[in-house]
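Positions are given from 1, in the same order as the sequence printed here.
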Amino acid sequence: MVRLSEAEWKVMNVLWEEAPQTIMRLTRCFQETTGWTKHTIMTFLKRMEEKGAVYYEMGERAKLYYPKVERREAALQETEEFLERVFDGRMGLMLNTMVEQKALSGAEIAELYEILRRAEEAQQNVEDSSAVPGKDGERI
């Protein structure tokens, strides 16, 4: 899997939102907020290409860059690595820390309840489908 630096995440977010992008378009996108030059963008893209995060096709006048990895896949890996590194892989510990620090809004808590409800339903469906039918057809 691909490990991205903070700067590379910024570039990937632009590519995930609207691909393809040229070096010049990316430079215009970041120059004001980050001060990155064309050469900086070229360095990022070359490094990201070597990592397997992006690829390009030759356009009429410039290379057209595309993301090679899906946002969801990259986010999942980053989340798993963060959770392992900071919270010893324990999701409950991370959530408890956030609750204790009052880092969750009411809307975020409601969203978590909904996520957990769906996860519980999915788990129940898996358990129901894996039960073995008994002698009268009922699941055991």
Side-chain angles (χ1 to χ4, degrees):
M1 191 53 190
V2 177
R3 295 196 71 188
L4 300 171
S5 70
E6 187 175 336
E8 291 167 344
W9 270 97
K10 289 180 182 187
V11 174
M12 289 300 292
N13 281 324
V14 172
L15 291 174
W16 284 320
E17 288 300 316
E18 186 180 347
Q21 293 282 337
T22 64
I23 290 172
M24 291 311 295
R25 283 179 65 195
L26 287 167
T27 302
R28 283 193 297 275
C29 179
F30 290 111
Q31 197 162 31
E32 193 171 306
T33 57
T34 65
W36 294 344
T37 65
K38 172 184 164 186
H39 298 289
T40 303
I41 298 292
M42 289 169 61
T43 300
F44 287 154
L45 290 170
K46 180 170 177 36
R47 187 170 60 208
M48 293 164 71
E49 186 182 356
E50 289 168 356
K51 290 181 177 185
V54 300
Y55 71 97
Y56 69 87
E57 295 176 356
M58 288 306 299
E60 281 187 33
R61 299 183 57 179
K63 292 178 180 176
L64 302 173
Y65 285 88
Y66 296 85
K68 194 170 184 178
V69 295
E70 296 291 325
R71 182 191 305 244
R72 188 169 196 262
E73 185 182 337
L76 179 61
Q77 180 193 348
E78 186 80 16
T79 302
E80 288 174 350
E81 288 176 4
F82 169 79
L83 191 61
E84 189 62 39
R85 184 176 63 251
V86 178
F87 294 101
D88 198 28
R90 297 174 49 208
M91 177 67 74
L93 180 59
M94 181 184 79
L95 288 172
N96 188 55
T97 301
M98 294 179 78
V99 168
E100 286 178 355
Q101 296 301 314
K102 297 176 180 36
L104 298 173
S105 69
E108 289 168 325
I109 292 170
E111 184 179 6
L112 281 172
Y113 272 122
E114 179 59 22
I115 291 167
L116 292 172
R117 184 192 63 72
R118 288 193 314 258
E120 187 174 48
E121 278 180 10
Q123 182 62 35
Q124 186 61 45
N125 289 339
V126 167
E127 290 171 2
D128 288 348
S129 68
S130 66
V132 178
K135 62 182 174 196
D136 295 327
E138 64 183 66
R139 301 261 181 208
I140 55 173

Point-to-point distance, once rounded to the nearest 0.5 Å, from CG of L83 to CZ of R90: 10.0 Å

Crowding at CE, M58 (>12 non-hydrogen neighbours, <6.0 Å): yes

Nearest heavy-atom neighbours spanning I41 and F30: CD1-CD1, 3.9 Å

Heavy-atom closest pair, residues C29 and V14: SG-CG2, 3.8 Å

Between T37 and T40, a side-chain donor and acceptor under 3.5 Å: yes

OH-CG distance between Y65 and L26, expressed to the nearest 0.5 angstrom: 9.0 Å

Taking every non-hydrogen atom, the tightest pair across E18 and Q21: O-NE2, 2.9 Å

Over all atoms of both residues, closest heavy-atom pair of A53 and L4: CB-CD2, 3.9 Å

More than 12 heavy atoms of other groups within 6.0 Å of E50 CD: yes

N-O pairing of E121 and R118 below 4.0 Å: no

Cluster link F87 to L116, ILVMFWY, side chain under 4.5 Å: no

Test side chain to side chain contact (heavy atoms under 4.5 Å, CB included) applied to L93 and D88, step by step: CA-CA 9 Å; L93 180 59; D88 198 28; 5.7 Å; no

Residues E78 and R71 bridged, charged N to O under 4.0 Å: no

M24 CE to K63 NZ distance, which is reported to the nearest 0.5 Å: 14.5 Å

R72 side, atom CZ; W16 side, atom CH2 - distance, nearest 0.5 Å: 13.0 Å

Backbone of R3 reached by a side-chain donor or acceptor of K51 within 3.5 Å: yes

Distance-only polar pair, side chains of E127 and Q123, donor-acceptor under 3.5 Å: yes

Whether over 12 other heavy atoms sit under 6.0 Å from E114 CD: yes

Neighbour count above 12 (heavy atom, 6.0 Å) for E81 CD: yes

Donor-acceptor pair between E100 and N96 side chains, under 3.5 angstrom: yes

Distance in Å, T27 OG1 paired with H39 NE2, rounded so as to fall on 0.5 Å steps: 9.0 Å

Heavy-atom pair of closest approach, residues R47 and S5: NH2-OG, 4.1 Å

CZ (R117) with more than 12 external heavy atoms under 6.0 Å: yes

Approximate separation, where rounding is to 0.5 Å, of I115 CD1 and E108 CD: 10.0 Å

same_hphob_cluster(L76, W9) at 4.5 Å side-chain heavy-atom cutoff: no

E73 and Q77: side chain donor to acceptor below 3.5 Å: no

Verify same cluster id: V54, L64 (apolar side-chain graph, 4.5 Å): no

Over all atoms of both residues, closest heavy-atom pair of P67 and M12: CB-CE, 3.8 Å

hydrophobic_cluster_shared for L45 and Y55, side chain cutoff 4.5 Å: no

Hydrophobic cluster membership, Y66 vs V2, 4.5 Å side-chain cutoff: no

